Every structure is written in C-alpha cells, then in structure tokens.
Amino acid sequence: MAEKITPQSEDFSRWYVDVVRHAGLADYSAVRGCMVIKPYGFAIWENIRDQLDKMIKETGHQNAYFPLFIPVSFFSKEAQHVEGFAKEAAVVTHYRLRLNPETRQIEPDPEAEQTEPLIVRPTSETIIWNTFKDWIHSWRDLPLKINQWANVVRWEMRPRLFLRTAEFLWQEGHTAHATAEEAMEEARLMWQVYETLMRDYLAIAPYKGTKTPGERFAGAEETFTLEALMKDRKALQMGTSHFLGQNFAKAFDVTFTNRRGEREYVWATSWGVSTRLIGALIMSHGDDRGLKIPPRIAPIQVVIIPIFKSGADEQKVLETARNITDQLRRAGIRVLLDDDNTKRPGWKFNEYELKGVPVRIALGPRDVENNVVEVARRDTLEKTQFPIDGLVNRISHLLEQLQQSMLEENKRWHKENTIPVATIDELKEVIEQKKGFALAFWSGTTEDEERLQEETGATIRCILPDDSEEGTCIVTGQKTRQKVLIAMAY
RNA sequence: CGGGGCGUAGCGCAGUCCGGUUAGCGCGCCUGCCUUGGGAGCAGGAGGUCCCCGGUUCAAAUCCGGGCGCCCCGACCA
C-alpha cells in the first residue's frame, strides 16, 4: 500500500509534487531550482515536441541553433528587454578554474576573468537579432522564419517542477518581416498553431487573448496569450506569441532595402512554449489516482496486463496477450505488454492509473476462454468487455473517443469556472472563494491593474478578443467594450 | 529577496528538550517459499561519515559556536 498520493482537496501543491514524482515524470536534482526530467516525463515532452515541430515546419519555418551564451552588451541593447530579464540572469564571469594553493579549494581562476561577462540565455532575441543583421539585406531575404529548440535559464527564486525551474526546455520562434501587417499575421498564426496543439493534442481548451501593457513580454508591442484554468482554479499561461514591432530591428540595426530602393527596419515576432505544458497537462486533467494523459501524446496508449495462476493457464494467457499486443502495435498504437511476473495485477492497475495510461486491457483465463478482454478507460474509469475479434478497431475508436471526451470535459471546466462580475465586490468574492476566472468589463489603467493585484492578489490574465457588447468597467465605471479575465495565476 | 521549517539507511520518519549499552520503526531492496481478476503473506538477510567544521565532556545524533544544503509560505516570472 505504498506510493500514496495526497488528495487534491487536501493539498493541491502536494498532490502535484506527489504525482510528478511517483508517476516518474521528474525529480529534484542536486542543483537548486533545477530538475531531472525522467524517461517517462521526457517521453511526454518528445511527443509534444515532435507534433509541434511538425506544425512549425508545415507553416514554413526552419529550425536552427544559436549559442547558449550571450554577451552582456547584446543583452543591454533593448531597454525594456534588459529590464525584464536582468533580475534572473545567470552570468558567466570566468572561463577557467584553478586549485587555490592555500585553501586547497577549486575556485574560478582570478587570472581568467572574462573581459566581457556572458549571460546564459533567458531567451534568444538578442543573439538572434545580432545574427539576423547579417542575414537580412534585401526584401528578397524576407520573411525570415526561424525556430530553435533549446534550453534557457531564468534564475527563479521560487521553483516548482515543470512550472518554474531555473533551467527549462522550450522552442522559440523568431521571424522578420517586411511589413507590420505581415509580422502581426505571423504572430497570430503561431498563436493559432499553439491553440491547435493544446486543443487537439493536450485536450486543453485555453482562453485566447492579449496581454495588458503591464503583463506584456519585455520588448513586445503586443502579446497574444493562451490561458488555462488548472484544477485548483488558478490560471496558467500556456504559451505566448509576440508582435515585437521594430524594437529589436532598431536595437540591432536590422534593415532591408525595399522594392523602391529605400532602407527600412524589419518587423519582428517571437513565440514560445515550454516544458511548462507538461505542468498544464498534469493540472488540467489529473485526479486523485494520478495523471490522465490524452491518447495523442501518451507515451503508452494501451497497457496490457495478463492475469494467470502459474502453470496451466500461463501459456495460453500470455500467448493471447502477445498476439493482441502485436495486432495493436501493427495498427500504430503505442502499446505495452506488462508481463513482469514479480508484480501482481492489482499493483499494475494502480501503477498505470497513476501514470495516466489512457486504456488498460486485462485478460485472464476466463477471458481467453470466452474470447474477450476487459477494457478500462482512465478518464472515466469505466470497465467494459470487448471481443478479441475486431479488437484493434474498437481500441482505435476508444482512444479517439477518449481524446475527444477529455477535451469536452476541459471545455466544460473552463465554462463552469468563468464567472461574470459587475462590481469590484463581486470580483473579490470570486477571487477569495477561489472560483476561477472572473469575467469583467475593464477600461482601467496600469495603475488600476497594480492596485487590483495588491488588493486581491489576482491579475488580468488576458483581454478577450470579443468586443461584441458594451458594459461598465468595474473600476472606472466607464462604458467599454473591452472584456478581461481576472484570476489568481501561477 | 523576506518569513518559517527540516537535514538520522534508497524513501518517509522516531530518537535531540533531559548526553550514557550494539541508533530504532515503516516502506523499499536481496534470498527462499507461497501467491496472481484492484497496491498479497511468511521466514531470513543486507544496508548508517546521524549535513559539514570546530568546541564542551570520561562520554555527543543529543549541549554550544560557525557554516552548507534543501523544502514550504509570501513579492517577481514561461
């Protein structure tokens, strides 16, 4: 009776850590704020990554790789940008160690100090724009659409597995365009790509909106965001796509000659999602038994658990199990036959539920006799019997059905926990009682926003694109068409 | 970066206040038997710089001083 996880209702943070660790996704490491992503967790990331990579390439982008280290001088060129990241930058000041003859300690060699310190990239805009300067000269070089898969470092003061760690994995897209319109279109397109990834693969239906000036990416003129509500009713920013205007082009002097022979600054975008998506996945779908992974990104889609008493039945049951495994595998289903004889079936049932495997097939002597298997789905925990004849088709359909119903469940969750509010008092009630997203009309200033956060702890997660109706702003009392979502956030 | 807590076997902890046999317990691990339709049972076994450095003492996991590390709660962030 080991591996017990804390119920969500008792302590959601502990539930989260218990699930991450017991399901074998990740562990704390010897380095403060850094985690080890374990094989099962990394397999989820690989599935997300492979899918997104395909989508990035289908929309005309190419992968490339830029340095981990960035000279401080590059970094300081865009004022907003430095301000945004300086507080959490890791700095490389030496390029050699030595053994101190007196203390017998290994220490940075004072003789080997960098003439110019390097920072470890918190994001790559600066090194990339410094490079784009050399790549872009003519309108014929545009658009330039580059993506990189990389690790980045942001020295977080309060780390949390997958959600905030000092080092994390992500993809960052960086593009250059001849016109503002085209760059804006690009930023919106990738926003859409992210939404597709989240809905169709992660089975999460986040809100799409834009960030207020105060919440925007450092250096952006517009930030498009995807905001989802976790099961503790706190909001999580799942991904962002930025229209950067000409800020980086001006900072790095990136110009092109247009068709009329005039020099112009290029227009830029950047966009990224990270291993944080795994955190979103865990907290969007998980329950007290552990993870629920949607089939399209599940490392194991189907687990087969044979049940038998040693001896007579063993051969028959295993043979049938292997046969089914082969059939499913040939149909392209990621299937695991767990014939480990040192673990008992009950233990395995719990283990694979904890790991969020969407479908479990159990078969024992009785089933083999009757030519059926027991099929259990992880999302609803329903058990049914399927005949072995035509099993592959039924399982394929079940996986697809499970994928859809997880998405529907998540849509319902968002709908149920989005509460319209007309006054500050109503807003406070929603926040204090942890009801989720408060939906409000808003025409306040950045100062109003800051005061809101001080008073309630909540922030404006995004401005919704819908401006179809007019209402009264909850802080200014003015008429406005702008609606925002307000929530406590990660 | 502020506040709190914790460092004792792979993991979770007791023992520390009030110094004194061979430092315990649960889980896990190893061997064997037995079991297998929802985290089995029995028997035997291995496993410890008690976070580090210094001090007090006949004697330190325990008392004193200093250091290090990590976790949790708040402000900042993907």
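Bear in mind the structure is a predicted one, so any value in this text is a computation, not a measurement. Proteins come first, then strands; the chains are lettered A, B, ... in the order of their sequence lines, and each starts at number 1.
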Does A/Y201 have A/R296 sitting over its ring (NZ/CZ under 6.0 Å from centre, angle to axis within 45°)? yes
Is a salt bridge present between A/E222 and A/K211, judged by a nitrogen-to-oxygen distance below 4.0 Å? no
Need one value for A/T240: base, sugar-phosphate or nothing, where a base atom within 4.0 Å counts as base even if backbone is also close, heavy atoms only. nothing
A/T225 side chain near B/A78 phosphate (N/O to OP1/OP2, under 4.0 Å): no
Would you say A/R344 reaches B/A40's phosphate, i.e. side-chain N/O to OP1/OP2 under 4.0 Å? yes
When the C1' atoms of B/G15 and B/G20 are compared, how many Å lie between them, rounded to an integer? 14 Å
Between B/G10 and B/C18, how far apart are the C1' atoms? Round to whole Å, please. 33 Å
If you apply the rule side chain to side chain donor-acceptor pair (under 3.5 Å), what do you find for A/T459 with A/R461, and how did you get there? CA-CA 6 Å; A/T459 47; A/R461 301 319 303 151; 2.7 Å; yes
Partner lookup for B/G2, please. Criteria are Watson-Crick or G-U wobble with both distances under 3.5 angstrom; report none if nothing qualifies. B/C73
Identify, between A/V373 and A/S274, the residue whose nearest nucleotide on RNA chain B lies closer to the 5' end. A/V373
Please verify the inter-ring angle class for A/F243 with A/W267; under 30° counts as parallel, over 60° as perpendicular, anything in between as tilted. parallel
So what's B/C13 paired with, Watson-Crick or G-U wobble, going by both distances under 3.5 Å? B/G24
Taking B/C1 as the reference, what is the distance to B/G12 when you measure between their P atoms (whole Å, please)? 27 Å
Which residue lies toward the 5' end of RNA chain B, A/E314 or A/Y490, if each is placed at its nearest nucleotide? A/E314
Detail all sub-3.5 Å separations between protein N/O atoms and N/O atoms belonging to nucleotides 41-44 of chain B.
none

Base of B/G38, side chain of A/R360 - is there a donor-acceptor contact under 3.5 Å? yes
For A/E454, which contact category applies under a 4.0 Å heavy-atom criterion: base, sugar-phosphate, or nothing? nothing
Mind listing the residues from residues 77-92 of chain A sitting with a heavy atom below 4.0 Å of RNA chain B? Number order is fine. A/K87, A/E88
Base, sugar-phosphate, or nothing: which does A/Q237 touch, judged by heavy atoms less than 4.0 Å apart? sugar-phosphate
For RNA chain B, which residues in residues 301-308 of chain A have a heavy atom at a distance below 4.0 Å? A/I307, A/F308
Using atom P in both nucleotides, what's the gap between B/G48 and B/G24 to the nearest angstrom? 13 Å
Taking CZ from A/F12 and P from B/C73, how many angstroms apart are they, rounded to a whole number? 13 Å
Apply salt bridge (charged side-chain N to carboxylate O under 4.0 Å, His left out) to A/R394 and A/D389, showing your working. CA-CA 10 Å; A/R394 282 203 168 80; A/D389 282 344; over 6 Å; no
Can you tell me the distance, in whole Å, between the NZ atom of A/K309 and the C1' atom of B/U35? 9 Å
Does B/C33 have a Watson-Crick or wobble mate here (both distances under 3.5 Å), and if so which one? B/G41
Name all pairs fulfilling the salt bridge (charged side-chain N to carboxylate O under 4.0 Å, His left out) condition that reach into residues 379-388 of chain A, sequence neighbours left out, sorted by first residue then second. A/R377-A/D379
Listed by chain and number, what are the salt bridge (Lys or Arg N to Asp or Glu O under 4.0 Å) partners of A/R21, not counting sequence neighbours? A/D27
Expressed in angstrom and rounded to an integer, what is the separation of A/K348 atom NZ from B/A40 atom P? 12 Å
Would you measure the distance from the P atom in B/G37 across to the matching atom in B/C70 and give it in whole Å? 44 Å
A/A298: partners by side chain to side chain contact (heavy atoms under 4.5 Å, CB included), with sequence neighbours left out: A/I293, A/Q301, A/P358
Pair of N/O donor and acceptor under 3.5 Å linking B/G38 base with A/K383 side chain: yes
Mutual orientation of the aromatic rings belonging to A/W191 and A/F224 [parallel < 30°, tilted 30-60°, perpendicular > 60°]: tilted
In whole Å, what is the span from the NZ atom of A/K343 to the C1' atom of B/C29? 11 Å
Go through the structure and list residues passing salt bridge (Lys or Arg N to Asp or Glu O under 4.0 Å) with A/D340, not counting sequence neighbours. none
Please classify the nucleic acid contact of A/L163 as base, sugar-phosphate, or nothing, using heavy-atom distances under 4.0 Å. base
Can a salt bridge be assigned to the pair A/E351 and A/K343 using a cut-off of 4.0 Å between side-chain N and carboxylate O? no
To the nearest Å, how far apart are A/I278 CD1 and B/A78 C1'? 13 Å
A/Y490 (side chain) donor-acceptor with A/M230 (main chain) under 3.5 angstrom: no
Suppose you measure atom P in B/A75 against the same atom in B/C68; what distance do you get, rounded to whole Å? 27 Å
Any A/Q453 side-chain nitrogen or oxygen under 4.0 Å from OP1 or OP2 of B/A75: no
By salt bridge (Lys or Arg N to Asp or Glu O under 4.0 Å) - contacts of A/E167 (at least two apart): none
Under the side chain to side chain contact (heavy atoms under 4.5 Å, CB included) rule, collect the residues that match up with A/T456, sequence neighbours excluded. A/K428, A/I431, A/L452, A/A458
Angle between ring planes, A/H242 versus A/F217, binned at 30° and 60°: parallel, tilted or perpendicular? parallel
Could you walk me through whether A/Q148 and A/S124 pass the side chain to side chain donor-acceptor pair (under 3.5 Å) test, one step at a time? CA-CA 9 Å; A/Q148 93 165 340; A/S124 302; 3.1 Å; yes
Classify the side-chain pair A/Q62/A/K57 by whether it contains a donor and acceptor separated by less than 3.5 Å. no
Identify all pairs in which a protein N or O lies below 3.5 Å from an N or O of nucleotides 67-70 of chain B, and state each distance.
from: B/C70; atom 1: OP1; to: A/R32; atom 2: N; distance (Å): 3.2

For B/U8 versus B/A46, give the span between their P atoms, rounded off to a whole number of Å. 23 Å
Given the C1' atoms of B/G39 and B/G3, what is the spacing between them in whole Å? 40 Å
Note: A/E221-A/R216 ion pair, threshold 4.0 Å (strictly below): no
Between B/A40 atom C1' and A/E351 atom CD, what is the distance in whole Å? 17 Å
Verify the distance criterion only: is there a donor paired with an acceptor across the side chains of A/W271 and A/T269 at less than 3.5 Å? yes
Kindly assign one of parallel, tilted or perpendicular to the pair A/F168 and A/W170, based on the angle between their ring planes and the thresholds 30° and 60°. perpendicular
Classify the side-chain pair A/Q171/A/H61 by whether it contains a donor and acceptor separated by less than 3.5 Å. no
Tell me whether the guanidinium CZ or amine NZ of A/R160 lies under 6.0 angstrom from the six-membered ring centre of A/Y16 and within 45° of its axis. yes
Just call it for A/T165: base, sugar-phosphate, or nothing, with non-hydrogen atoms closer than 4.0 Å on any strand. base
Which residues in residues 37-49 of chain A have at least one heavy atom lying under 4.0 Å from any atom of RNA chain B? none
Would you mind building the protein contact string for nucleotides 2-11 of chain B? One character per nucleotide, 5' to 3', B for base within reach (heavy atoms under 4.0 Å), S for sugar-phosphate only, - for untouched. ----------
